[in-house]
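Below is one structure; the comments refer to it alone.
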Amino acid sequence: MPLNKEDKMKSLIIKDLYKNYGDVEVLKGINIALKAGEFLVLVGPSGCGKSTLLSTIAGLEEVNKGSISLGDVDITDEAPKDRGLAMVFQSYALYPNMTVRENIEFGLKISKYSKEEIKNRISNAAGILHIEDLLDRKPGQLSGGQRQRVAIARSISREPDMYLFDEPLSNLDAELRVKMRAEIKKLHKRVQKTIVYVTHDQVEAMTLADKIAIMNKGTIQQFDTPSNVYDNPCNLFTAGFIGSPSMNFIDVIVKKDNDKYFINLINEKNEDNFIYLDNTYENLDKYLGKTIIAGLRPEHIQNGFRDLSITGELQTLKAKVNFSELTGADVFIYVTLNAKEIITRVSPSGAKEDGEIIELKVWAKKIIFFDKESEMRIK
(Lines give C-alpha, C1' and ligand atoms only; values in the text may rest on other atoms or scores of the structure.)
Protein backbone atom coordinates (compact mmCIF):
# COMPACT_ATOMS: atom_id res chain seq x y z
CA MET A 1 0.00 0.00 0.00
CA PRO A 2 2.53 2.66 -1.06
CA LEU A 3 1.32 6.19 -0.44
CA ASN A 4 1.01 8.24 -3.61
CA LYS A 5 -0.67 11.38 -2.33
CA GLU A 6 1.88 13.56 -0.56
CA ASP A 7 -0.87 15.75 0.88
CA LYS A 8 -1.79 12.86 3.17
CA MET A 9 1.60 12.99 4.87
CA LYS A 10 1.08 15.09 7.97
CA SER A 11 3.57 16.86 10.21
CA LEU A 12 3.17 16.80 13.99
CA ILE A 13 3.62 19.98 16.03
CA ILE A 14 3.34 19.96 19.83
CA LYS A 15 3.67 23.29 21.62
CA ASP A 16 4.13 23.90 25.36
CA LEU A 17 2.17 20.81 26.36
CA TYR A 18 1.36 20.25 30.04
CA LYS A 19 -0.52 17.37 31.65
CA ASN A 20 -1.42 17.08 35.33
CA TYR A 21 -3.04 14.36 37.39
CA GLY A 22 -4.30 16.37 40.33
CA ASP A 23 -1.27 18.07 41.84
CA VAL A 24 1.17 15.79 39.99
CA GLU A 25 2.67 17.35 36.87
CA VAL A 26 3.37 14.51 34.44
CA LEU A 27 4.25 16.46 31.28
CA LYS A 28 6.11 19.74 31.75
CA GLY A 29 6.16 21.92 28.66
CA ILE A 30 6.67 19.43 25.80
CA ASN A 31 7.71 20.89 22.44
CA ILE A 32 8.10 18.71 19.34
CA ALA A 33 8.27 19.58 15.64
CA LEU A 34 8.12 16.47 13.47
CA LYS A 35 8.19 16.67 9.68
CA ALA A 36 5.63 14.83 7.59
CA GLY A 37 6.58 11.18 7.15
CA GLU A 38 9.21 11.11 9.92
CA PHE A 39 9.54 8.30 12.46
CA LEU A 40 9.72 9.65 16.02
CA VAL A 41 10.64 7.42 18.96
CA LEU A 42 9.83 8.51 22.51
CA VAL A 43 12.26 6.76 24.84
CA GLY A 44 13.05 7.01 28.51
CA PRO A 45 12.83 5.19 31.85
CA SER A 46 9.56 3.98 33.36
CA GLY A 47 7.42 6.86 34.62
CA CYS A 48 9.09 9.50 32.44
CA GLY A 49 5.80 10.44 30.72
CA LYS A 50 6.29 8.91 27.26
CA SER A 51 3.09 6.82 27.26
CA THR A 52 1.12 9.76 28.68
CA LEU A 53 2.42 11.94 25.85
CA LEU A 54 1.35 9.33 23.30
CA SER A 55 -2.10 9.20 24.91
CA THR A 56 -2.50 12.98 24.65
CA ILE A 57 -1.63 12.81 20.94
CA ALA A 58 -4.22 10.04 20.49
CA GLY A 59 -6.83 12.04 22.41
CA LEU A 60 -7.14 9.40 25.15
CA GLU A 61 -5.95 11.99 27.70
CA GLU A 62 -6.96 15.64 27.89
CA VAL A 63 -4.19 18.22 28.13
CA ASN A 64 -4.11 20.96 30.75
CA LYS A 65 -2.25 23.42 28.57
CA GLY A 66 -0.66 23.59 25.13
CA SER A 67 -1.60 22.44 21.63
CA ILE A 68 -1.24 19.48 19.27
CA SER A 69 -1.43 19.98 15.50
CA LEU A 70 -1.50 17.37 12.75
CA GLY A 71 -0.60 19.07 9.50
CA ASP A 72 -2.36 22.44 9.53
CA VAL A 73 -5.16 21.27 11.83
CA ASP A 74 -5.22 21.81 15.60
CA ILE A 75 -6.47 18.50 17.02
CA THR A 76 -5.99 19.34 20.71
CA ASP A 77 -9.70 19.17 21.50
CA GLU A 78 -10.77 16.70 18.83
CA ALA A 79 -12.29 13.34 19.81
CA PRO A 80 -9.95 10.35 19.25
CA LYS A 81 -12.08 9.05 16.35
CA ASP A 82 -11.81 12.38 14.53
CA ARG A 83 -8.03 12.78 14.68
CA GLY A 84 -7.17 10.54 11.73
CA LEU A 85 -4.82 8.40 13.84
CA ALA A 86 -4.38 4.66 14.33
CA MET A 87 -2.87 3.20 17.49
CA VAL A 88 -1.14 -0.15 18.07
CA PHE A 89 -1.14 -1.22 21.70
CA GLN A 90 1.28 -3.33 23.71
CA SER A 91 -1.54 -5.80 24.51
CA TYR A 92 -2.58 -6.14 20.82
CA ALA A 93 -6.24 -5.44 21.87
CA LEU A 94 -7.70 -8.12 19.59
CA TYR A 95 -11.21 -9.51 20.06
CA PRO A 96 -10.68 -13.19 21.04
CA ASN A 97 -14.05 -14.37 19.72
CA MET A 98 -13.45 -12.92 16.25
CA THR A 99 -11.29 -14.23 13.42
CA VAL A 100 -8.34 -12.21 12.16
CA ARG A 101 -10.45 -11.05 9.23
CA GLU A 102 -13.25 -9.93 11.54
CA ASN A 103 -10.82 -8.12 13.82
CA ILE A 104 -9.45 -6.12 10.90
CA GLU A 105 -12.84 -5.35 9.36
CA PHE A 106 -14.55 -4.38 12.64
CA GLY A 107 -13.42 -0.75 12.60
CA LEU A 108 -13.99 -0.48 8.87
CA LYS A 109 -17.61 -1.53 9.28
CA ILE A 110 -18.12 1.06 12.00
CA SER A 111 -16.71 3.66 9.58
CA LYS A 112 -19.33 2.44 7.07
CA TYR A 113 -17.02 1.53 4.21
CA SER A 114 -18.56 -0.51 1.40
CA LYS A 115 -18.11 -4.29 1.34
CA GLU A 116 -15.82 -4.00 -1.67
CA GLU A 117 -13.68 -1.32 0.00
CA ILE A 118 -13.42 -3.39 3.19
CA LYS A 119 -12.39 -6.45 1.18
CA ASN A 120 -9.70 -4.48 -0.68
CA ARG A 121 -8.33 -2.90 2.49
CA ILE A 122 -8.12 -6.22 4.33
CA SER A 123 -6.37 -7.80 1.35
CA ASN A 124 -3.93 -4.88 1.14
CA ALA A 125 -3.08 -4.89 4.85
CA ALA A 126 -2.80 -8.68 5.02
CA GLY A 127 -0.41 -8.64 2.07
CA ILE A 128 1.86 -6.04 3.63
CA LEU A 129 2.06 -7.95 6.95
CA HIS A 130 2.19 -11.44 5.32
CA ILE A 131 -0.83 -12.76 7.21
CA GLU A 132 -3.00 -13.88 4.30
CA ASP A 133 -3.06 -17.47 5.58
CA LEU A 134 -4.13 -16.36 9.08
CA LEU A 135 -7.32 -14.50 8.17
CA ASP A 136 -9.68 -17.29 9.24
CA ARG A 137 -7.94 -18.07 12.53
CA LYS A 138 -8.78 -16.61 15.93
CA PRO A 139 -6.22 -14.78 18.12
CA GLY A 140 -5.92 -17.76 20.48
CA GLN A 141 -4.52 -19.81 17.60
CA LEU A 142 -1.75 -17.30 16.88
CA SER A 143 1.74 -16.72 18.27
CA GLY A 144 2.65 -13.40 19.88
CA GLY A 145 4.38 -12.22 16.72
CA GLN A 146 1.39 -13.14 14.57
CA ARG A 147 -0.99 -11.30 16.90
CA GLN A 148 1.16 -8.20 16.68
CA ARG A 149 1.09 -8.39 12.88
CA VAL A 150 -2.69 -8.57 13.01
CA ALA A 151 -2.86 -5.54 15.31
CA ILE A 152 -0.66 -3.58 12.91
CA ALA A 153 -2.66 -4.79 9.89
CA ARG A 154 -5.84 -3.54 11.56
CA SER A 155 -4.25 -0.09 11.87
CA ILE A 156 -2.98 -0.10 8.29
CA SER A 157 -6.42 -0.97 6.96
CA ARG A 158 -7.78 2.34 8.24
CA GLU A 159 -5.18 4.27 6.16
CA PRO A 160 -4.70 6.91 8.88
CA ASP A 161 -2.75 10.15 8.66
CA MET A 162 -0.41 9.02 11.44
CA TYR A 163 0.43 5.84 13.36
CA LEU A 164 0.96 5.61 17.12
CA PHE A 165 2.78 2.60 18.62
CA ASP A 166 2.76 2.01 22.40
CA GLU A 167 5.61 -0.44 23.19
CA PRO A 168 4.30 -2.91 20.58
CA LEU A 169 7.19 -5.38 20.88
CA SER A 170 7.61 -5.59 24.64
CA ASN A 171 5.66 -8.88 24.92
CA LEU A 172 7.80 -10.68 22.33
CA ASP A 173 10.94 -12.74 22.87
CA ALA A 174 14.33 -11.31 21.90
CA GLU A 175 14.64 -13.03 18.50
CA LEU A 176 11.12 -12.10 17.45
CA ARG A 177 11.62 -8.51 18.57
CA VAL A 178 14.52 -8.17 16.14
CA LYS A 179 12.42 -9.57 13.27
CA MET A 180 9.41 -7.41 14.05
CA ARG A 181 11.62 -4.33 14.40
CA ALA A 182 12.80 -4.89 10.83
CA GLU A 183 9.18 -5.36 9.69
CA ILE A 184 8.11 -2.07 11.26
CA LYS A 185 11.01 -0.30 9.56
CA LYS A 186 9.95 -1.76 6.21
CA LEU A 187 6.35 -0.81 6.94
CA HIS A 188 7.32 2.82 7.49
CA LYS A 189 9.08 2.93 4.13
CA ARG A 190 6.02 1.50 2.39
CA VAL A 191 3.24 3.56 3.96
CA GLN A 192 5.34 6.77 4.20
CA LYS A 193 3.28 8.10 7.11
CA THR A 194 4.35 9.92 10.25
CA ILE A 195 4.89 7.49 13.14
CA VAL A 196 5.24 8.13 16.88
CA TYR A 197 6.59 5.09 18.70
CA VAL A 198 7.00 4.60 22.46
CA THR A 199 9.62 2.23 23.88
CA HIS A 200 11.92 1.84 26.86
CA ASP A 201 14.34 -0.15 24.66
CA GLN A 202 17.13 2.08 23.40
CA VAL A 203 18.12 -0.42 20.69
CA GLU A 204 14.62 -0.10 19.20
CA ALA A 205 14.92 3.66 19.48
CA MET A 206 18.29 3.85 17.73
CA THR A 207 17.42 1.45 14.90
CA LEU A 208 13.91 2.66 14.08
CA ALA A 209 13.95 6.41 14.55
CA ASP A 210 14.48 9.34 12.23
CA LYS A 211 14.23 11.46 15.38
CA ILE A 212 14.50 10.50 19.05
CA ALA A 213 12.99 12.34 22.01
CA ILE A 214 14.81 11.34 25.21
CA MET A 215 12.38 11.85 28.10
CA ASN A 216 12.92 12.07 31.85
CA LYS A 217 10.59 13.27 34.61
CA GLY A 218 8.05 14.72 32.19
CA THR A 219 10.51 16.72 30.08
CA ILE A 220 12.34 16.16 26.81
CA GLN A 221 16.05 16.07 27.56
CA GLN A 222 17.12 15.95 23.91
CA PHE A 223 15.27 15.86 20.58
CA ASP A 224 17.61 14.91 17.76
CA THR A 225 18.70 12.29 15.25
CA PRO A 226 19.89 8.94 16.67
CA SER A 227 23.49 9.59 15.64
CA ASN A 228 23.57 13.03 17.28
CA VAL A 229 21.99 11.74 20.47
CA TYR A 230 24.68 9.05 20.66
CA ASP A 231 27.70 11.12 19.59
CA ASN A 232 26.69 14.51 20.98
CA PRO A 233 24.53 14.06 24.10
CA CYS A 234 23.51 17.40 25.56
CA ASN A 235 23.62 16.34 29.21
CA LEU A 236 24.68 13.61 31.61
CA PHE A 237 21.28 11.88 31.62
CA THR A 238 21.13 11.45 27.85
CA ALA A 239 24.74 10.32 27.69
CA GLY A 240 24.14 7.66 30.31
CA PHE A 241 20.77 6.48 29.02
CA ILE A 242 21.71 5.93 25.37
CA GLY A 243 24.33 3.26 24.72
CA SER A 244 24.72 -0.35 25.81
CA PRO A 245 26.80 -0.66 27.89
CA SER A 246 26.31 2.95 28.92
CA MET A 247 28.95 5.65 28.76
CA ASN A 248 31.70 5.59 31.40
CA PHE A 249 31.79 8.63 33.70
CA ILE A 250 34.98 9.57 35.53
CA ASP A 251 35.67 12.56 37.78
CA VAL A 252 38.72 14.45 36.51
CA ILE A 253 40.59 17.64 37.36
CA VAL A 254 41.33 20.08 34.52
CA LYS A 255 44.92 21.30 34.29
CA LYS A 256 47.09 23.15 31.77
CA ASP A 257 50.71 22.73 30.75
CA ASN A 258 52.33 25.11 28.23
CA ASP A 259 48.94 26.18 26.82
CA LYS A 260 47.87 22.54 26.45
CA TYR A 261 45.00 21.16 28.52
CA PHE A 262 45.20 17.82 30.26
CA ILE A 263 43.03 16.00 32.79
CA ASN A 264 44.02 14.08 35.90
CA LEU A 265 41.88 11.09 36.78
CA ILE A 266 40.99 11.62 40.43
CA ASN A 267 42.47 9.13 42.88
CA GLU A 268 43.93 10.00 46.29
CA LYS A 269 46.51 7.20 46.05
CA ASN A 270 47.73 7.78 42.51
CA GLU A 271 47.83 11.01 40.51
CA ASP A 272 49.87 9.54 37.63
CA ASN A 273 47.02 8.75 35.25
CA PHE A 274 46.44 11.77 33.02
CA ILE A 275 45.27 12.42 29.48
CA TYR A 276 46.36 15.29 27.23
CA LEU A 277 43.65 16.95 25.15
CA ASP A 278 43.85 18.35 21.64
CA ASN A 279 43.23 21.99 20.70
CA THR A 280 39.47 21.56 20.23
CA TYR A 281 38.99 22.15 23.95
CA GLU A 282 39.32 25.94 24.06
CA ASN A 283 36.70 26.72 26.70
CA LEU A 284 38.07 24.88 29.72
CA ASP A 285 39.87 27.84 31.28
CA LYS A 286 37.05 28.50 33.74
CA TYR A 287 37.35 24.88 34.90
CA LEU A 288 41.12 24.94 35.55
CA GLY A 289 41.83 23.26 38.87
CA LYS A 290 38.19 22.18 39.18
CA THR A 291 36.53 18.80 39.01
CA ILE A 292 34.37 17.98 35.99
CA ILE A 293 32.97 14.72 34.61
CA ALA A 294 34.62 13.00 31.66
CA GLY A 295 32.41 10.69 29.59
CA LEU A 296 33.84 8.03 27.31
CA ARG A 297 32.06 5.24 25.44
CA PRO A 298 33.34 1.66 26.00
CA GLU A 299 34.38 1.33 22.34
CA HIS A 300 36.71 4.31 22.74
CA ILE A 301 38.70 2.56 25.49
CA GLN A 302 40.41 -0.56 24.20
CA ASN A 303 43.55 -2.60 24.62
CA GLY A 304 44.28 -2.27 20.92
CA PHE A 305 42.55 -0.36 18.10
CA ARG A 306 42.40 -1.91 14.65
CA ASP A 307 41.97 1.49 12.99
CA LEU A 308 45.58 2.52 12.30
CA SER A 309 44.53 6.00 11.19
CA ILE A 310 43.84 7.03 14.80
CA THR A 311 46.88 5.49 16.51
CA GLY A 312 48.51 8.90 16.83
CA GLU A 313 45.51 10.13 18.82
CA LEU A 314 45.61 7.32 21.40
CA GLN A 315 46.99 7.56 24.92
CA THR A 316 47.88 4.72 27.25
CA LEU A 317 46.59 4.13 30.77
CA LYS A 318 47.10 1.15 33.06
CA ALA A 319 44.15 -0.65 34.64
CA LYS A 320 43.33 -3.88 36.48
CA VAL A 321 40.91 -6.42 34.95
CA ASN A 322 38.02 -7.37 37.25
CA PHE A 323 36.05 -9.68 34.95
CA SER A 324 34.93 -10.08 31.34
CA GLU A 325 31.65 -10.74 29.50
CA LEU A 326 31.64 -12.48 26.13
CA THR A 327 28.65 -11.41 24.01
CA GLY A 328 29.71 -13.09 20.77
CA ALA A 329 31.25 -10.46 18.50
CA ASP A 330 32.47 -8.39 21.46
CA VAL A 331 33.97 -8.81 24.90
CA PHE A 332 33.16 -6.29 27.61
CA ILE A 333 36.05 -6.00 30.06
CA TYR A 334 35.29 -4.46 33.45
CA VAL A 335 38.44 -2.82 34.76
CA THR A 336 39.46 -0.68 37.70
CA LEU A 337 40.99 2.58 36.54
CA ASN A 338 42.07 4.90 39.33
CA ALA A 339 39.71 3.23 41.85
CA LYS A 340 36.79 3.60 39.40
CA GLU A 341 35.24 0.62 37.58
CA ILE A 342 34.72 1.25 33.88
CA ILE A 343 33.77 -0.90 30.90
CA THR A 344 35.78 -1.37 27.72
CA ARG A 345 34.59 -3.04 24.50
CA VAL A 346 37.12 -5.26 22.71
CA SER A 347 37.15 -8.10 20.19
CA PRO A 348 37.24 -11.68 21.54
CA SER A 349 40.95 -11.84 20.70
CA GLY A 350 41.51 -8.95 23.11
CA ALA A 351 40.09 -10.75 26.16
CA LYS A 352 42.26 -10.76 29.30
CA GLU A 353 42.46 -12.75 32.53
CA ASP A 354 40.82 -11.57 35.76
CA GLY A 355 43.26 -9.64 37.93
CA GLU A 356 45.62 -8.89 35.05
CA ILE A 357 47.12 -5.40 34.74
CA ILE A 358 46.62 -4.19 31.18
CA GLU A 359 47.41 -1.13 29.13
CA LEU A 360 44.34 0.62 27.78
CA LYS A 361 44.37 2.74 24.67
CA VAL A 362 42.13 5.77 25.18
CA TRP A 363 40.84 7.77 22.23
CA ALA A 364 41.12 11.15 23.93
CA LYS A 365 39.41 13.01 21.08
CA LYS A 366 36.16 11.19 21.88
CA ILE A 367 35.97 12.35 25.50
CA ILE A 368 32.87 14.39 26.32
CA PHE A 369 32.92 16.68 29.37
CA PHE A 370 30.04 17.60 31.67
CA ASP A 371 29.68 20.28 34.31
CA LYS A 372 29.51 18.52 37.68
CA GLU A 373 26.82 20.82 39.10
CA SER A 374 24.48 21.44 36.15
CA GLU A 375 25.25 18.05 34.50
CA MET A 376 25.09 19.84 31.13
CA ARG A 377 27.68 19.15 28.46
CA ILE A 378 30.68 21.45 28.27
CA LYS A 379 30.94 22.20 24.55
Side-chain angles (χ1 to χ4, degrees), residues 202 206 227-233 236 238-282 284 287 291-370 377-379:
Q202 57 173 287
M206 293 293 289
S227 59
N228 271 339
V229 167
Y230 189 82
D231 294 330
N232 300 296
L236 201 66
T238 299
F241 189 82
I242 293 294
S244 182
S246 61
M247 181 179 283
N248 297 294
F249 298 117
I250 307 169
D251 283 355
V252 299
I253 297 175
V254 181
K255 297 186 177 182
K256 205 171 188 180
D257 178 27
N258 293 326
D259 294 328
K260 191 173 183 65
Y261 293 108
F262 69 96
I263 51 173
N264 249 34
L265 281 63
I266 295 176
N267 182 352
E268 294 178 358
K269 298 179 181 179
N270 180 1
E271 291 288 341
D272 291 336
N273 268 338
F274 58 87
I275 299 173
Y276 277 97
L277 307 177
D278 63 25
N279 294 327
T280 59
Y281 299 96
E282 299 175 350
L284 290 178
Y287 292 101
T291 300
I292 60 175
I293 300 171
L296 201 56
R297 300 264 179 217
E299 61 267 29
H300 298 145
I301 312 170
Q302 299 190 13
N303 59 349
F305 279 79
R306 284 168 284 186
D307 186 354
L308 299 179
S309 66
I310 64 170
T311 54
E313 302 174 14
L314 304 179
Q315 296 183 48
T316 302
L317 299 175
K318 290 186 177 181
K320 179 182 178 182
V321 176
N322 297 329
F323 63 94
S324 302
E325 291 179 339
L326 175 63
T327 64
D330 295 309
V331 174
F332 298 122
I333 303 179
Y334 292 73
V335 303
T336 297
L337 179 64
N338 276 50
K340 170 79 173 180
E341 185 171 82
I342 64 171
I343 307 173
T344 75
R345 185 200 301 261
V346 302
S347 65
S349 61
K352 299 295 180 181
E353 296 294 326
D354 293 358
E356 186 177 350
I357 302 298
I358 63 173
E359 288 190 344
L360 295 176
K361 302 294 184 180
V362 178
W363 196 354
K365 195 173 185 178
K366 294 293 184 177
I367 297 176
I368 297 174
F369 294 112
F370 302 91
R377 181 177 178 180
I378 301 170
K379 296 185 177 180

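Residue numbers count from 1 along this sequence.
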Set out, in order, the CA-CA distance, both residues' side-chain angles and the distance that settles side-chain contact (heavy atoms from CB on, under 4.5 Å) for L314 and W363, then state yes or no. CA-CA 5 Å; L314 304 179; W363 196 354; 3.9 Å; yes
CG (L284) and NZ (K255) are apart, to the nearest 0.5 Å, by 14.5 Å
Rounded to the nearest 0.5 angstrom, the OG1-CG distance for T344 and L360 is 6.0 Å
For S246, side-chain hydrogen bond (donor to acceptor under 3.5 Å, both in side chains) partners two or more places apart: none
Is any side-chain heavy atom of R377 closer than 4.5 Å to one of T238? no
If we only count heavy atoms from C-beta on, is the D257 to F274 side-chain gap below 4.5 Å? no
Side-chain contact test, heavy atoms from C-beta onward, threshold under 4.5 Å: evaluate it for F369 versus Y287 and give yes or no. no
Taking the side chain as every heavy atom from C-beta outward, state whether M247 and I368 have any pair of such atoms under 4.5 Å apart. yes
Nearest 0.5 Å, please: how far is CG in L337 from NZ in K318? 12.5 Å
Could you tell me whether the side chain of I250 reaches within less than 4.5 Å of the side chain of I263, counting heavy atoms only? no
Shortest non-hydrogen contact from E356 to K352? OE1-CB, 3.5 Å
Using a 4.5 Å cut-off on heavy atoms from C-beta on, say whether the side chain of K361 contacts that of T316. yes
Give me the atom names and distance for the closest heavy-atom approach of S244 to F332. O-CZ, 4.4 Å
Return the CD1 to CD1 distance between I301 and I333, rounded to the nearest 0.5 Å. 11.5 Å
If you compare all heavy atoms of F370 against all heavy atoms of A239, which two are closest, and at what distance to 0.1 Å? CZ-CB, 3.6 Å
Check: Q315 side chain, Y276 main-chain N or O, donor-acceptor pair, under 3.5 Å: yes
Shortest non-hydrogen contact from S324 to D354? N-OD1, 4.1 Å
Spatial distance of atom CG (N228) from atom CD1 (I242) [nearest 0.5 Å]: 12.5 Å
Say you draw a straight line from OH of Y334 to CD of E325; how long is it, rounded to the nearest 0.5 Å? 3.5 Å
Any heavy-atom pair between the side chains of F262 and I275 that's under 4.5 Å? no
Does L296 offer a backbone N or O that forms a donor-acceptor pair with the side chain of N248 under 3.5 Å? yes
Would you check if the side chain of R297 reaches a backbone N or O of Y230 as a donor-acceptor pair within less than 3.5 Å? yes
